[in-house]
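Everything numeric here is computed off the predicted structure, so don't read it as measured data.
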Amino acid sequence: MLTNFISVHYCYEYLINQIPVELLIYAHIPTSLSALLFGGYIFYKVKDRASAILFATCLMFAFWCLFSIATWFAFLGPNSTMFTWSLIDLTSILIFFFSYYFLYSFLTSKDLPLWQKLTSFIIILPIIFYTFTGIHLPMYDANSCEAIENDFVTKYLYFAEGIFILSSIIFVIKNYRTAVIRNDQNRIILTGIGVLTFLIFLFSATFIVSLLAESSVSQYAYNYEIYGLFGMPILLIFLGYLIVRYKAFDLKIFGAQALIIGLTVLIASEFAFVTTLSGKILVGITLLIMSVVGTILIKSVKKEIKLREQVEELVVDLGKANERLKILDVMKSEFVSIASHQLRSPLTSIRGYASMLVEGTYGKLPEKAVDVLKNISESARFMAQSVEDYLNVSRIEAGNMKYELSDFSLKEQAEKIVDEMRQVVMKAGLVLLFRSENTGSMIVHADIGKTRQVISNIIDNAMKYTPHGTITVIAHDDIKQKKAIITIHDTGIGMDEDTRNGVFNKFVRAKNANSVNTSGTGLGLYVAKIMLEKMGATVWAESEGQGKGSVFHIEFPLV
Ligand code: ADP
């Protein structure tokens, strides 16, 4: 009994002299506690496979620290030293296995395949066997207060640990190469570096210690073992970063919570240093304020995250709605195009037959019937015009409008159109004039058919919206500015400012338009503007107000 006490006391003194006690405590206690806290917190919050395995790793690590520190202090005598020492190696191999298991399940969100679990078990089994049969540590050296390790078992342990490190490296590389998204690649790299640093630290510290112990280069080799522990905080930092930056474990308010908990622990630890009562009260109050502010902060962060998620969901919904609208728009254009084509041919027949009837091709008709037929023909013309507008819009929207560009005299074309339309305008009781104020030949480069269509359309509008008075078409040029301009004046219903600003938009018709013309579509000027812009020309409208007539300008660059 007495000898045992002396030997325990001797070993305690002996070991304590090898290393500063503070270093021993600081290396073991904070690292294992922070690992337990971190792993426990994540497991408590997430409760999925990866978090459970991470917690198991942290737990094994904490046991490792516990056995290690118990071995260091050796206060329970040789038997306890032998016991804890043997468990260190067993927990160590389990840490390696769980770390690999964590890496796998965290990055793939899957369970480790059965064959890998079985292989791992077969690798670990001998260590369990050697530990519990005492083959691993056959003897105790009372002089150096150390267990004597079985060399083969120690080597096997390093071999087994090496296999898990190698498997982790291969797994990380394979996973990285198959990842396509940049974020996934970063996640793999960060987790890989974190886990591998942790394992390599642990491995190299114990491996180096064994080498040194064998070669007896250093006086006391086991001092170095504690540096292996510092891999754990590094792993925790990497995991913390993954959680904050890449929303790992789906822990959204981890950053804020970790900050608050860290600050609270820091303030609480001041209790240990403050000796005076007033000091303790002050620390207490600070702690209280900290907890209240912290709770409010965490709540507001939670609220903000929820809001952000809602906004993100809305953005996704809006995106989908937008896609659907685009599809509907295409379908609508296709429908308009098909419908318009099918309307056009019967309209052409109606107009053709009506004019043949009027001309007497099928025999002379009574005066009244001729008048009715003229009305039919005129209505069919209006309708054909509207169908043409719809067709043009659907062509523009489908990007199918073709432009055949050539050089021609804008003045000549405008004059021709005026001549062609004069009859119709006169029939409507209006006067149509043409004036030329040009200095050159007004040659422009554009699609002649479309240019004529636009000019006719604007003169047609002037006729529709002018109950009585004059329409004047002026061709003029500006050689200096290299512009050719056609201006169409009328003395009609005019436009207020709102109408003037909107007339070139789709389906826009002024309120006063229906009083003089009910058959418009609100598309003519929209089509005109788009076609002119495609040909490098511009169009704009002026009016001094309702009842004061309108002016339309079409401006082309001169060749
Ligand atoms: P629509 O004439 O078929 O209604 P437009 O696109 O050609 O379609 O014209 C759009 C609108 O612009 C007309 O409904 C009318 O309100 C106005 N507008 C066009 N030309 C004139 C004009 N010369 N005088 C007054 N208003 C006009």
Does NZ or CZ of Arg187 lie under 6.0 Å from the centre of the six-membered ring of Phe106, at an angle within 45° of the ring axis?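 Yes, cation above the ring, under 6.0 Å and within 45°.
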Ring of Phe43, cation from Lys45 - is the NZ or CZ under 6.0 Å from the centre and inside 45° of the axis?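 Because its charged atom misses either the 6.0 Å distance or the 45° angle limit, Lys45 does not stack over Phe43.
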Is there a side-chain contact between [X] and [Y] (heavy atoms, below 4.5 Å)?
{"X": "Val195", "Y": "Leu235", "value": "yes"}
{"X": "Leu239", "Y": "Phe102", "value": "yes"}
{"X": "Gln185", "Y": "Ile189", "value": "no"}
{"X": "Ile42", "Y": "Ile243", "value": "yes"}
{"X": "Tyr465", "Y": "Ser550", "value": "no"}
{"X": "Val454", "Y": "Met531", "value": "yes"}
{"X": "Asn392", "Y": "Tyr526", "value": "no"}
{"X": "Phe408", "Y": "Val444", "value": "yes"}

Applying ring pair (Phe, Tyr, Trp, His ring centres under 6.0 Å), name anything that partners [X], two or more places apart in sequence or on another chain.
{"X": "His553", "value": "Trp540"}
{"X": "Tyr104", "value": "Phe171"}
{"X": "Phe98", "value": "none"}

In Å and rounded to the nearest 0.5 Å, what is the [atom1] to [atom2] distance from [X] to [Y]?
{"X": "His489", "Y": "Ile474", "atom1": "NE2", "atom2": "CD1", "value": "4.0 Å"}
{"X": "Thr487", "Y": "Ile458", "atom1": "OG1", "atom2": "CD1", "value": "10.0 Å"}
{"X": "Leu307", "Y": "Glu309", "atom1": "CG", "atom2": "CD", "value": "10.0 Å"}
{"X": "Ile448", "Y": "Gln413", "atom1": "CD1", "atom2": "CD", "value": "3.5 Å"}
{"X": "Leu432", "Y": "Arg422", "atom1": "CG", "atom2": "CZ", "value": "5.5 Å"}
{"X": "Phe552", "Y": "Glu542", "atom1": "CZ", "atom2": "CD", "value": "10.0 Å"}

Taking atom [atom1] as the centre, does [X] end up with more than 12 heavy-atom neighbours from other residues, nucleotides or ligands that are less than 6.0 angstrom away?
{"X": "Lys47", "atom1": "NZ", "answer": "yes"}
{"X": "Met383", "atom1": "CE", "answer": "no"}
{"X": "Glu420", "atom1": "CD", "answer": "yes"}

Please list, one pair per line, the donor and acceptor atoms closer than 3.5 Å that link side chains of residues 360-378 to other protein atoms, with sequence neighbours excluded.
{"unit_1": "Thr361", "atom_1": "OG1", "unit_2": "Met356", "atom_2": "O", "d": "3.0"}
{"unit_1": "Glu378", "atom_1": "OE1", "unit_2": "Arg381", "atom_2": "NE", "d": "3.4"}
{"unit_1": "Glu378", "atom_1": "OE2", "unit_2": "Arg381", "atom_2": "NH2", "d": "3.4"}

Using distance alone, with no hydrogens and no angle criterion, decide if Asp389 and Ser386 have a side-chain donor and acceptor under 3.5 Å apart.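 No pair is found: no donor N or O on one side chain lies under 3.5 Å from an acceptor on the other.
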Could you tell me whether a side-chain N or O of Ser409 sits under 3.5 Å from a main-chain N or O of Ser441, the two making a donor and an acceptor?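 Yes; judged by distance alone, with no hydrogens or angles, the pair exists.
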Is Asp419 salt-bridged to Lys416, cutoff N-O under 4.0 Å?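 Here Asp419 does not pair with Lys416 in a salt bridge, since their nearest N and O are not under 4.0 Å apart.
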Looking at Glu388 and Arg344, is any side-chain nitrogen of the basic one under 4.0 Å from a carboxylate oxygen of the acidic one?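 Here Arg344 pairs with Glu388 in a salt bridge, since their nearest N and O are under 4.0 Å apart.
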Apply side chain to side chain contact (heavy atoms under 4.5 Å, CB included) to Met290 and list each qualifying residue two or more places apart in sequence or on a separate chain.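 Only Ile260, Leu263, Thr264, Ile267 meet the side chain to side chain contact (heavy atoms under 4.5 Å, CB included) criterion with Met290.
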Give me each pair satisfying salt bridge (charged side-chain N to carboxylate O under 4.0 Å, His left out) with a member in residues 494-509, each pair once, sequence neighbours excluded.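 Every salt bridge (charged side-chain N to carboxylate O under 4.0 Å, His left out) pair that includes a residue of residues 494-509, provided the two are not neighbours, is Glu397-Lys506.
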